[in-house]
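What you see is a predicted model; the values in this text were computed from it and never measured.
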Amino acid sequence: MKVLHVLNGLHAAGIESLALQLIRHAPPGVRAALLNLDGAVRDLEPAFAPLLPVHHLRRSDRLALAWAAWRHCRRLRPDAVLLFPCSRPILWFALGARLAGVRRLAVTLQNTAPALAVDPAGRRRWLRLLRWFGRLGVAVVPCSRAVAASLERLPPGCRLAAVIANGCDTGAIAARAAASRARRPPHDRQRVLMVARLDRIKDQPTLLRAFAAARRPGWELWLVGEGPERAPLEQLARELGLDPGAVLLGRRSDIPELLGQADLFAFSTTAAEGFGIALIEAMAAGLPLLASDVPACRELLAEGSAGELLPPRDQQVWAQRLAALMADPPSRSALAGRALRQAERFAIAPSAAAWYGLLAGSPPVR
């Protein structure tokens with residue numbers, strides 16, 4: 001089976017990391033190719049290039065993108081196409097792939113849908129997108145029960161496939177984090193770490209404010225990631241008396257090593273969070289976890305069994321728990337043990353098997 005993986009830019013972010021893991025862990029007999037719909041964004045290309053052919057397109061949309069999809073699918077002749085993520089440009093690509101004769105298509109759904117009471121126009125756009133994917137016979141696959149639950153009671157013409165949870169190579173992450181931890185010098189500074197795109201779907205401001213309020217000698221905060229909210233976060237760090245250059249580390253490719261240099265993982269996010277694969281990586285690295293009490297984090301942390309869930313955007317509670325844990329190594333160790341016991345639930349092998357099983361066995365589009 002030949003599978004074409006399609007990404008809208010090779011960003012160093014969660015969805016691209018998932019694609020990389022699925023490609024690395026493809027079963028025997030699967031041949032893969034990668035098509036990047038935004039050739040100007042190639043941050044993660046060095047990770048993909050040794051594994052499979054990588055093709056780039058000049059960024060386009062609508063009929064131009066559908067035409068490009070038709071041409072590339074006619075040339076590459078994939079048996080199946082796996083699309084990342086569920087979006088309008090990806091829909092146009094799916095149209096072109098269908099016209100080119102590709103009979104098995106699936107798309108990942110990575111974020112929760114807007115609530116009708118909060119954003120009715122946004123929810124209507126989501127439903128319209130799902131309806132068109134359905135008309136094209138594309139399997140829309142939510143990454144968590146939280147994402148699926150945000151779209152309960154779908155109208156006619158909209159449907160979701162069964163949930164396939166994201167995964168990562170927990171064993172490799174654990175080994176790399178342990179090696180990094182062993183290299184830490186005596187009396188090293190201790191660190192609170194968050195890994196996430198700097199985007200409004202996340203909530204780095206609450207963590208910044210809480211850390212500034214709970215500040216303790218010998219501790220520092222690392223925020224890893226890049227995105228459109230970088231400038232506001234730099235300004236907020238300055239206002240709180242923190243050095244933006246020391247706090248905001250930008251895009252990094254050595255996440256397991258950074259996990260090994262950290263002592264507490266904090267994931268402050270919003271209800272729009274669909275999964276939070278960084279939480280799984282932190283679990284695998286054996287770090288104690290704090291996360292916002294939103295559906296996706298609740299699901300990943302087994303209702304609080306694998307880490308502490310704190311009220312979203314509640315700076316005071318976050319500051320209190322950070323201060324308490326920074327001062328209490330035994331509590332951090334106990335919390336880390338709880339996280340580590342849950343990590344294997346999200347190993348990449350079952351996730352990859354489910355995806356390739358879907359692509360090989362889903363009924364052909366009529």
Do we see a donor-acceptor contact under 3.5 Å between the side chains of Glu239 and Gln235? yes

Between Gly9 and Glu16 the two heavy atoms that sit nearest each other are O-OE2, 3.2 Å

Between CZ on residue Arg135 and CG on residue Leu130, distance to nearest 0.5 Å: 12.0 Å

Indicate the atoms forming the closest heavy-atom contact of Phe267 with Val195, along with that distance. CE1-O, 3.7 Å

Minimal heavy-atom distance between Pro288 and Leu335, with the atoms involved, is CB-CB, 3.7 Å

Checking Arg230 side chain against Leu198 main chain: does a donor-acceptor pair fall under 3.5 Å? no

Under 3.5 Å donor-acceptor, Ser144 side chain and Gly274 backbone: yes

Keeping Arg183 on the side-chain end and Gln261 on the backbone end, is there a donor-acceptor pair under 3.5 Å? no

When you look at Leu51 and Leu20, which way does the side-chain contact (heavy atoms from CB on, under 4.5 Å) test go after all the steps? CA-CA 9 Å; Leu51 302 175; Leu20 184 61; 3.6 Å; yes

So does Val147 get a backbone contact from the side chain of Ser150, meaning a donor-acceptor N/O pair under 3.5 Å? yes

Geometric class of the Phe346/Phe275 ring pair [parallel <30°, tilted 30-60°, perpendicular >60°]: perpendicular

I'd like to know if the side chain of Arg176 reaches the main chain of Glu257, judged simply by a donor and an acceptor atom lying under 3.5 Å from each other, with no hydrogens or angles considered. no

Taking all non-hydrogen atoms of both residues into account, name the closest pair between His56 and Asn36 and its distance. ND1-ND2, 3.1 Å

Nearest heavy-atom approach of Leu289 to Leu279 is CD1-O, 4.0 Å

Stepwise, does the salt bridge (charged side-chain N to carboxylate O under 4.0 Å, His left out) test hold for Asp169 with Arg24? CA-CA 10 Å; Asp169 192 338; Arg24 280 179 174 157; over 6 Å; no

Which atom of Cys86 lies closest to which atom of Leu109, heavy atoms considered: CB-CD1, 3.7 Å

Looking only at the side chains, is there a donor atom on one of Asn166 and Gln21 sitting less than 3.5 Å from an acceptor on the other? no

